[in-house]
Amino acid sequence: MQSLLRLTIYIKRYAWTFWLSVFGMLIARVIEGSIPMFVQQGIDAIATGQALSANSAQLEIDKILDTLVFPVTMICCCVLVQMLVTIAYRIGMRRIGVNASYDLRNRLYHHMQLQSLLFFSQYRIGDLMARAINDINLCREILAGAIRMTIILFMTAAVGIGYMLSYSVELTLAIMIPMPIIAYVAFRFSKKIYAQSYLVQEGFASVSTFVQENLNGIRTIQSMAQEEREIEKFRTVNSDFVDKNIDLFITNSFLSSLMPILAASGTLIIIAYGSHLLNQGAITIGTFAAFFSYLGLLLWPIREAGNLVTQWQRGASGTARLFEILDYEPEIEDSPSREFPDLSGKISVQNLSYEYEGKGKLAINNLTFEVNPGETIAILGRVGSGKSTLLRLFVRLLDPSHGQIYLDGHPINGFPLARLREKVCLVLQDPFLFADSLGDNIAYDNPGRDPSEILEITKAAALDDTVEGFPEGLDTILGERGVTLSGGQKQRTALARGLIRQSPILILDDCFSAVDTETEERILFGLKQMRKNSTTLLVSHRVSTARHADRIMVLEHGEIKEIGTHNELLNLGGFYANLELAQRNTEDKPKPRRLG
């Protein structure tokens, strides 16, 4: 429940709207409480008139009708004013809920943008989506609904009891006897509802995650004919979610059914004890009727108490899950904004080490090397040798466990992240393309780029033929994750997106793995012409790619095993020379003849 208190900041943010709405609730409750008073006056007037006119003379009937004009008029006015005030404060509270959920969603999205790879390895995308949508909706219902209903409940009780005390203290105290029992029952149920609500939210996250992962992998599922197995797995996850919801509904149903039964005891008290007081002359028939009206005011929130407890507990579970993410401190701390120096492209790596959490061994182990401005360095190594980890350290997707990387003599952790990643551009091996046009994907960093500039960069990325092959050219919509493109086209699109930024330092993480050797040669030639004065680091498994670099670095177990030019490493006779021989033999093997 502590997490619910943290929502008060959003009430303070819209304090004027909140307090005006609360004032409206108070006015509405006072007006609502005055209606039984006018009912009592009317009934007593009728009772008095009937007592005075035993023969029902027309004169006395006219007096009764005249007496009823005022209470009837006031009741109509009260109903009209209460309706208008209720509409106003409900709109006010709903505005707070909607605006607060807008603020929370923006805050959550901004917070997730600052998180590192470690965060996204701990929380699944479907789970984060569930928190961003369903849990925030529960927070909205707390701010817009549960708080309003709770305030109305206490105001109704206070106003109703106040009016009842003015009529009969004895009968009012008698009606209050069941109240402690009702409060105790609500408290006992609330703990169970909270636990079950949390499980429901977790179940919703599991369903969201399962659907998200399966839709992303639908090609693999269909190509391996695993549809039936995945349908059965989803049925299991969905069934578990349904069971958790049913458990919550059962508990809520018990509470919602029990509350009216307990509340009905107040009606029995009025009938029994109220009749006794009426016979003794302690109260009038009008007062007796008014007490039934006031009891109705009190019973309405009591009947709704079951649903209100459920709403509060579901909101508490959703808020706890939401703030679990918002309290997660980013692993990568951004530096304060300051002037970013012009970079020449000089890189200095000093005693650099990195260890993944829970792995127990270093992925990068005490690396030290330098890269001169305008130099192209190729990085090779076996799978798991630390190549991709090293590249992620350059743009601070990861922070080193030990050591430092310097750009033109400045440590990279002293630069603002946005400026660092603008000047040091990383193109990942597994490209992500948005469901947008081809041109907008290439010009992602600056959608206002001139189309001629985009077309020029497609030539350098050997993507110009692809663009020309589309009827709509750069305006072609790629679909979800670039589904309309082949693997090689996706990689070249991502490469064009990196090249167009013209960053002083460009880092390519095996961006040619899905590209044929002929296209690769064309790209490398254009890359060398375009970036002859800029620094480039590229990871590859192909010697045909690495040989174009000024120097080649071979990593093994996170350490530099070999470093030098293409010819120097061939003469060394180590890993690189063996890799070159193996790939050359593969290329020299005659291709099998087609049958027929």
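The structure displayed is predicted, hence computed values, not measured ones. We number each residue from 1, following the sequence as shown.
- With hydrogens and angles ignored, the 3.5 Å screen pairs a side-chain donor or acceptor of Ser401 with a backbone N or O of Glu355.
- Heavy atoms only, all atoms of each residue included: Ser437 and Leu474 are closest at CB-O, 3.5 Å.
- Judged by distance alone, the side chain of Ser503 and the main-chain N or O of Leu506 form no donor-acceptor pair under 3.5 Å.
- A salt bridge does not link Arg531 to Glu375: none of the charged side-chain nitrogens sits closer than 4.0 Å to a carboxylate oxygen.
- Within the 3.5 Å criterion, the main-chain N or O of Asn567 finds a donor-acceptor partner in the side chain of Asn571.
- At a threshold of 4.5 Å between non-hydrogen side-chain atoms, the residues Arg551 and Ile563 count as touching.
- Judged as a ring-ring contact (aromatic ring centres under 6.0 Å, His included), and not counting sequence neighbours, Phe120 has no contacts.
- Ser353 OG to Leu362 CG: the interatomic distance, rounded to the nearest 0.5 Å, is 5.5 Å.
- Interatomic distance, CG of Leu478 versus CZ of Phe434, reported as 11.5 Å (0.5 Å rounding).
- Of the possible polar contacts, one joining the Thr458 side chain to the Leu455 backbone as a donor-acceptor pair under 3.5 Å is found.
- Using bins of under 30°, 30° to 60° and over 60° for the plane-to-plane angle, the ring pair Phe241/Phe204 lands in the tilted bin.
- Judged by distance alone, the side chain of Lys490 and the main-chain N or O of Leu433 form no donor-acceptor pair under 3.5 Å.
- The shortest heavy-atom contact between Leu7 and Phe323 is CD2-CE1, 4.1 Å.
- Contact check for Lys561 versus Tyr576: no side-chain heavy atoms found under the 4.5 Å cut-off.
- Heavy atoms only, all atoms of each residue included: Glu333 and Arg396 are closest at O-NH2, 3.1 Å.
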Q: Go through the steps to decide whether Phe210 and Thr236 satisfy the test side chain to side chain contact (heavy atoms under 4.5 Å, CB included), and finish with yes or no.
A: CA-CA 11 Å; Phe210 189 93; Thr236 301; over 6 Å; no

(Q) Is there a side chain to side chain contact (heavy atoms under 4.5 Å, CB included) between Thr209 and Val237? Walk through the geometry before answering. (A) CA-CA 10 Å; Thr209 299; Val237 174; over 6 Å; no

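- Looking at His410, its side chain never comes within 3.5 Å of a backbone N or O of Phe415 through a donor-acceptor pair.
- Minimum interatomic distance between His548 and Leu524 (heavy atoms only, all atoms of both residues): CD2-CD1, 3.4 Å.
- Proximity of Gln502 to Cys425: side-chain heavy atoms (C-beta onward) are nowhere separated by under 4.5 Å.
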Please list every donor-acceptor pair under 3.5 Å in which a side-chain atom of residues 126-137 meets a protein atom from a residue at least two apart or in another chain.
unit_1, atom_1, unit_2, atom_2, d
Asp127, OD1, Arg131, NE, 3.2
Asp127, OD1, Arg321, NH2, 3.3
Asp127, OD2, Arg131, NE, 3.3
Asp127, OD2, Arg131, NH2, 3.0
Arg131, NH1, Arg321, O, 2.7
Arg131, NH1, Glu324, OE1, 3.3
Asn134, ND2, Gln201, OE1, 3.4
Asp135, OD1, Gln201, NE2, 2.5
Asp135, OD2, Arg321, NE, 2.7
Asp135, OD2, Arg321, NH2, 3.2
Asn137, ND2, Ile133, O, 3.1

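- More than 12 heavy atoms of other shown residues, nucleotides or ligands fall within 6.0 angstrom of atom CZ in Phe369.
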Q: For Arg94 and Glu141, run salt bridge (charged side-chain N to carboxylate O under 4.0 Å, His left out): C-alpha distance rounded to whole Å, both residues' side-chain angles, the deciding distance at 0.1 Å, then the answer.
A: CA-CA 9 Å; Arg94 284 294 175 185; Glu141 289 303 315; 3.5 Å; yes

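- Considering only heavy atoms from C-beta on, Ile507 comes within 4.5 Å of Val424 through its side chain.
- The number of heavy-atom neighbours closer than 6.0 Å to CZ of Arg421, taken from other residues, nucleotides and ligands shown, is above 12.
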Q) Can you check side chain to side chain contact (heavy atoms under 4.5 Å, CB included) on Cys139 and Leu104, steps first, answer last? A) CA-CA 9 Å; Cys139 294; Leu104 277 168; 4.0 Å; yes

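- Taking the side chain as every heavy atom from C-beta outward, Phe394 and Ile412 never approach each other to under 4.5 Å.
- Ion pairing between a basic and an acidic side chain is recognised when a charged N comes within 4.0 Å of a carboxylate O; Lys361 and Glu559 show no such pairing.
- A salt bridge links Arg522 with Asp464; the closest basic N to acidic carboxylate O contact falls under 4.0 Å.
- Thr519 is not listed as a side-chain neighbour of Gln491, based on a closest heavy-atom distance of 4.5 Å or more.
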**Q.** Ser452 vs Asp450, side-chain hydrogen bond (donor to acceptor under 3.5 Å, both in side chains): CA-CA, chis, key distance, verdict
**A.** CA-CA 5 Å; Ser452 60; Asp450 191 271; 2.3 Å; yes

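- Contact annotation: the side chain of Ile457 approaches that of Met530 to within less than 4.5 Å [non-hydrogen atoms, C-beta and beyond].
- A distance-only check finds a donor-acceptor pair linking the side chain of Arg492 to the backbone of Gly488 [under 3.5 Å].
- Nearest heavy-atom pair, Gly439 versus Ile454, reported as atom, atom and distance to 0.1 Å: O-CD1, 3.9 Å.
- Atom NE2 of His541 is surrounded by more than 12 heavy atoms from other residues, nucleotides or ligands within 6.0 Å.
- Between Arg497 and Asn441 there is a side-chain heavy-atom pair separated by less than 4.5 Å.
- In this structure, OG1 on Thr476 lies 11.5 Å from CG on Asp436, to the nearest 0.5 angstrom.
- Sparse packing is recorded around NZ of Lys459, with 12 or fewer heavy atoms of other residues, nucleotides or ligands lying under 6.0 Å away.
- A donor-acceptor distance shorter than 3.5 angstrom exists from the side chain of Asn99 to the backbone of Arg95, with no hydrogens or angles considered.
- Counting only distance, with no hydrogens or angles, the side chain of Asp408 and the backbone of Lys346 share a donor-acceptor pair below 3.5 Å.
- A salt bridge links Arg382 and Glu556; the closest N-O separation between the charged side-chain nitrogens and carboxylate oxygens is under 4.0 Å.
- Distance CG/Asn372 to OG1/Thr376: 11.5 Å, rounded to 0.5 Å.
- Residues Gln115 and Tyr123 bring no donor and acceptor atom of their side chains to less than 3.5 Å of each other.
- Exactly one residue among Ile552, Leu579, Leu570 makes a side-chain contact (heavy atoms from CB on, under 4.5 Å) with Val543. That residue is Leu579.
- No salt bridge links Glu232 with Arg229; every basic N to acidic carboxylate O contact stays at or beyond 4.0 Å.
- Checking side-chain atoms of Ser540 against main-chain N and O of Asp510 turns up no donor-acceptor pair under 3.5 Å.
- The structure places OG of Ser544 at 6.5 Å from CD of Glu521, a figure rounded to the nearest 0.5 Å.
- Summarising the geometry of Ala443 relative to Arg449, their closest heavy-atom pair is CB-CD, 3.8 Å, with the distance given to 0.1 Å.
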Q. Would Arg584 and Leu581 satisfy side chain to side chain contact (heavy atoms under 4.5 Å, CB included), going step by step from the backbone distance to the final call?
A. CA-CA 5 Å; Arg584 179 155 45 85; Leu581 179 62; 3.5 Å; yes

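- Expressed to the nearest 0.5 Å, how far CZ of Arg6 lies from CG of Leu322 amounts to 9.0 Å.
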